[in-house]
Amino acid sequence: MAAHDAFLTYAWSDGNSVASTLQQAIRTIGKPWWRRSALSVYRDTTDTEPSGSLRSDLFAELDRSRYLILLASRKAARSRWVEREVGFWLSKFGTDRLLLVLVDGEIHWGRDDFDWSRTDCLPRALAGRYRTPPPYADLRWAVGREDLSVHDPDFRSEAATLTATILGTSKRELLSADVDQHRRARRTAVSSILALSVLLVLALVLTTVAFGSGRGAAADHRRADADLHTAVAQAMLRDAVRLRATDPRRALQLGVAAQYLDPGAGTQQALTDTVRTTTFRGATQTQPLVGAVLDPDGPSVLIRTSDRAVSEWSLDGEPQRRFRQASTASKMSRTADGKTAALGGPDGVQLWVSSATAGTLSFSGVTALGFAPDGRTLATGGSQGQVQLWDVSKPASPTAIGDVFGGGAEPVTALAFSPRRDLLAYARSGTVRLWNVADPAQAQQVATIDGLDGVADLAFSPDGRQLAVVAGGAVRLVDVSTSAPGAPVVVRGPDGVRFEVVAWSPDGRHLAGGGSGGAVTTWNPSSRALVTSAAVQKGTVRDVAFDQKSATLLSAASDGTVVRWDAAPATPPVTAVALLTDACRRAGGGLPADVWASYAPGIAYRNTCAP
């Protein structure tokens with residue numbers, strides 16, 4: 001039988017205050033004041049590093065503990081003592097009952113393990129031990145605070161998360177019990193004082209005591225309710241900060257709910273910071289998809305599912321499937337106005353206008369499609385590297401323009417027309433070729449860009465002077481304003497992200513890329529400086545597109561979500577009412593009832609974004 005419910009391991013010199021307060025909090029949360037602690041938390045208080053092997057008594061205490069709580073810090077990462085305690089625990093119990101608390105430093109996740117080039121607070125014994133990012137409590141704010149107390153609502157909320165895990169209960173139930181015990185303790189104290197008063201001046205102040213008791217009980221209830229509201233609001237704000245980059249919708253909802261529960265300058269500032277740090281403007285759910293073409297001014301999206309079914313979804317309000325099944329479609333494109341779509345497959349290309357089939361193009365083995373900016377010309381690329389131009393000004397009767405050009409062993413992987421329609425760029429393998437198609441019937445190759453790796457997408461800048469190339473998972477910019485294009489310049493994105501698609505804003509002030517892990521990134525193309533980056537969607541981003549005002553960016557990902565983004569961070573409204581309105585608009589509504597209940601036990605649900 002375990003002697004301890006938890007064992008605290010930490011670097012004594014930088015975590016002692018937090019460790020002792022955390023130990024006390026875990027022991028007391030939800031505990032009646034007259035009982036001994038329900039949980040045993042072992043904390044070694046030796047302020048020395050061990051010489052030789054770990055002391056046998058610590059082995060014994062570790063071996064008799066149900067959970068290990070690691071206070072992660074830069075000093076802990078360098079501590080032989082912490083390293084050996086964690087290593088011993090992992091060898092016996094693995095990571096299932098290892099709880100992480102961050103008190104100093106940074107934790108970053110890579111692909112299948114921590115990113116050890118940026119993670120500086122964990123012992124190396126944890127390398128390769130997790131398959132997915134583990135949760136952790138962030139108590140960096142508590143280190144060095146002289147007023148740190150188990151009664152601090154932020155600290156108590158974090159401690160409650162750990163305690164609930166150890167007890168095998170929910171944080172909601174634990175906090176509810178804690179509030180109940182707090183109320184009972186205060187009522188007991190008040191009752192004791194009243195009893196003494198009655199004994200001392202029984203006859204004289206009997207009426208006064210009764211009257212004061214009623215007022216005191218009411219005030220006590222108000223104070224307890226206020227304490228609960230504050231504690232819940234602080235817990236919501238702490239989670240909102242963590243979720244700003246990965247789940248901005250939930251972060252906004254939590255910020256709005258916290259402002260409702262505990263209105264004031266602090267919660268308003270926290271919500272302002274959330275709005276300022278996210279460009280998220282809402283999302284629409286369609287279906288899991290393998291391909292997407294966005295019409296940001298529709299607004300709508302053309303999606304292709306894994307069974308090659310193609311459908312169009314409106315992004316205004318509730319998404320609605322509007323048309324078509326195309327079982328052989330493997331490639332899609334649409335005109336800039338969104339009215340005409342081309343669906344390509346092994347047997348050719350179908351043109352669709354306003355959800356109805358129009359004409360058919362005889363071009364086998366379609367691997368790439370692209371409309372000219374005016375929508376009157378379509379380029380098709382094939383599996384043998386061939387390219388054909390088509391006049392589609394009359395979609396019901398499209399005609400080929402000139403001869404097929406290009407050709408080779410590799411398929412065409414991407415196509416793009418320049419804004420003036422005088423250039424066509426197409427990619428085969430690691431090479432991009434530029435053709436002059438000002439006269440489509442007399443197309444001529446004018447330049448070649450070599451040395452690229454697996455080109456996935458192409459996009460000309462609005463002035464036609466630069467070509468954005470997605471190759472080898474990176475975004476590269478090429479100056480194509482001269483007859484001899486310059487060497488590609490890589491535009492840096494987040495580490496570990498492989499880009500698949502790219503788009504320019506119509507005003508040329510922003511360049512956007514979408515890729516693996518749901519990452520959406522925008523750059524300043526002039527300085528090549530990163531403007532924003534977020535990974536909200538699941539899977540791979542399949543298309544990105546700006547509206548004609550260059551203010552809104554849409555991204556469609558393989559999880560079927562289409563997210564609206566501000567092209568660049570916006571200035572949050574100043575007034576509280578305007579701030580709440582903006583946050584609710586971005587979040588698309590208030591905190592769901594089930595999430596509210598998990599944070600706010602005993603507090604009636606309120607849709608804080610309802611009129």
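The chain is numbered in sequence order, starting from 1.
Judged purely by atom type and a 3.5 angstrom limit, Ser79 has no side-chain atom pairing as donor or acceptor with the backbone of Lys75. Side-chain atoms of Thr367 come within 3.5 Å of backbone N or O of Val412 as a donor-acceptor pair. The backbone N or O of Leu98 sits nowhere less than 3.5 Å from a side-chain atom of Thr95 that would complete a donor-acceptor pair. Using modelled atom types, no side-chain atom of Arg564 and backbone atom of Leu554 make a donor-acceptor pair closer than 3.5 Å. Between the side chain of Ser300 and the backbone N or O of Pro296, no donor-acceptor pair lies under 3.5 Å. Distance alone, capped at 3.5 Å, places no donor-acceptor pair between the Ser157 side chain and the Ala235 backbone. Judged purely by atom type and a 3.5 angstrom limit, Thr119 uses its side chain to pair as donor or acceptor with the backbone of Asp115. Panel note: side chain Asp273, backbone Thr277; no donor-acceptor pair is recorded below 3.5 Å. Counting only distance, with no hydrogens or angles, the side chain of Ser527 and the backbone of Ala529 share a donor-acceptor pair below 3.5 Å. Side-chain atoms of Asp547 come within 3.5 Å of backbone atoms of Thr552 as a donor-acceptor pair (strictly under, hydrogens ignored).
Distance check, rounded to the nearest 0.5 Å: CZ of Arg276 to OG1 of Thr279 gives 14.0 Å. Atoms CG and CG, on Leu22 and Leu162 in that order, are 6.0 Å from each other to the nearest 0.5 Å. The distance from the OG1 atom of Thr161 to the CG atom of Asp239 is 7.0 Å, given to the nearest 0.5 Å. Here the OG1-CD distance, from Thr9 to Glu83, works out to 10.0 Å after rounding to the nearest 0.5 Å. With rounding to the nearest 0.5 Å, the separation of CE in Met236 from CG in Leu254 is 6.0 Å. Taking CG from Leu237 and OG1 from Thr274, the interatomic distance works out to 7.5 Å, rounded to the nearest 0.5 Å.
Between Phe88 and Trp81, the distance from one ring center to the other does not fall under 6.0 angstrom.
Of all non-hydrogen atoms in Leu271 and Leu252, the two that sit nearest each other are CD1-O, 4.1 Å. Smallest separation of non-hydrogen atoms from Trp504 and Ala468: NE1-CB, 3.6 Å. When all heavy atoms of Ala160 and Ile29 are compared, the pair lying nearest together is N-CD1, 3.5 Å. Heavy atoms only, all atoms of each residue included: Arg249 and Ala587 are closest at NE-O, 3.2 Å. The heavy-atom pair separating Ala6 from Ile166 by the smallest distance is CB-CD1, 4.0 Å. Looking at every heavy atom in both residues, Val502 comes nearest to Ala459 through CG1-CB, 3.9 Å.
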task = Could you please spell out the steps behind the ring pair (Phe, Tyr, Trp, His ring centres under 6.0 Å) verdict for Tyr136 and Trp109?
result = CA-CA 12 Å; Tyr136 60 86; Trp109 186 256; over 10 Å; no
task = Report the C-alpha distance between Ser311 and Trp313 in whole Å, list the side-chain angles of each, state the deciding distance to 0.1 Å, and finish with yes or no for side chain to side chain donor-acceptor pair (under 3.5 Å).
result = CA-CA 7 Å; Ser311 58; Trp313 294 68; 2.9 Å; yes
request  = Show your working on side chain to side chain contact (heavy atoms under 4.5 Å, CB included) between Leu102 and Cys121 and close with a plain yes or no.
outcome  = CA-CA 8 Å; Leu102 181 60; Cys121 59; 3.4 Å; yes
ask   = Does the side chain to side chain donor-acceptor pair (under 3.5 Å) test come out yes or no for Thr561 and Gln537, once each step is laid out?
value = CA-CA 7 Å; Thr561 59; Gln537 295 162 286; 3.1 Å; yes
query = Would Glu500 and Thr540 satisfy side chain to side chain donor-acceptor pair (under 3.5 Å), going step by step from the backbone distance to the final call?
reply = CA-CA 8 Å; Glu500 299 286 341; Thr540 300; 5.6 Å; no
request  = Applying side chain to side chain contact (heavy atoms under 4.5 Å, CB included), run through Thr163 and Thr169 and close with a yes or a no.
outcome  = CA-CA 9 Å; Thr163 307; Thr169 186; over 6 Å; no
task = Take Thr521 and Leu530, measure what side chain to side chain contact (heavy atoms under 4.5 Å, CB included) needs, and give me the verdict at the end.
result = CA-CA 8 Å; Thr521 303; Leu530 189 146; 3.8 Å; yes
task = Kindly indicate, with the supporting measurements, whether the criterion side chain to side chain contact (heavy atoms under 4.5 Å, CB included) is fulfilled by Leu99 and Leu68.
result = CA-CA 6 Å; Leu99 306 179; Leu68 176 65; over 6 Å; no
key: Worked verdict on Glu410 versus Ser429 for side chain to side chain donor-acceptor pair (under 3.5 Å)   = CA-CA 6 Å; Glu410 301 90 6; Ser429 186; 4.9 Å; no
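Taking the six-membered ring where the residue is Trp, Phe93 and Trp89 present tilted rings, their angle falling between 30° and 60°. The aromatic rings of His510 and Phe546 sit parallel to each other, their planes meeting at less than 30°, with 60° as the upper class boundary.
Salt-bridge formation is detected for the pair Glu158/Arg238: a Lys NZ or Arg NE/NH1/NH2 atom is positioned less than 4.0 Å from an Asp or Glu carboxylate oxygen.
With hydrogens and angles left out, the side-chain atoms of Gln466 and Ser461 include no donor and acceptor closer than 3.5 Å. For the residue pair Ser40 and Asp5, no side-chain donor N or O sits within less than 3.5 Å of a side-chain acceptor on the partner. Of the N and O atoms on the side chains of Gln253 and Arg250, at least one donor lies less than 3.5 Å from an acceptor on the other residue.
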What pairs of donor and acceptor atoms, side-chain ones from residues 487-498 against any protein atom, are under 3.5 angstrom apart with sequence neighbours left out?
residue	atom	partner	partner atom	Å
Arg498	NH1	Gly472	O	3.3

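Contact of the Trp116 side chain with the Leu122 side chain is registered, since non-hydrogen atoms from C-beta on lie closer than 4.5 Å. You'll find the side chain of Arg586 reaches within 4.5 Å of the side chain of Val275, heavy atoms only. Side-chain contact between Leu553 and Val544 is present, with heavy atoms from C-beta onward closer than 4.5 Å. Inter-residue side-chain proximity for Val101 and Tyr10 is flagged as unmet; no heavy-atom pair is nearer than 4.5 Å. When side chains are defined from C-beta on, Val432 does not count as touching Tyr426, because their heavy atoms never get closer than 4.5 Å. A 4.5 Å side-chain heavy-atom check between Ser558 and Val290 finds every atom pair outside the cut-off. Contact check for Val455 versus Val470: no side-chain heavy atoms found under the 4.5 Å cut-off. For the pair Val41 and Tyr67, the minimum side-chain heavy-atom distance is 4.5 Å or more.
Arg509 CZ: 12 or fewer foreign heavy atoms inside a 6.0 Å radius.
Counting only residues at least two apart or in different chains, salt bridge (charged side-chain N to carboxylate O under 4.0 Å, His left out) contacts with residues 120-139 comprise Arg74-Asp120, Asp138-Arg140.
For Phe7, the ring-ring contact (aromatic ring centres under 6.0 Å, His included) partners two or more places apart in sequence, or in a different chain, are Tyr42.
Exactly one residue among Val501, Val541, Leu294 makes a side chain to side chain contact (heavy atoms under 4.5 Å, CB included) with Ser555. That residue is Val541. Of the options Gln268, Gln269, Gln259, a side chain to side chain contact (heavy atoms under 4.5 Å, CB included) to Leu579 is made by Gln268 and by none of the others.
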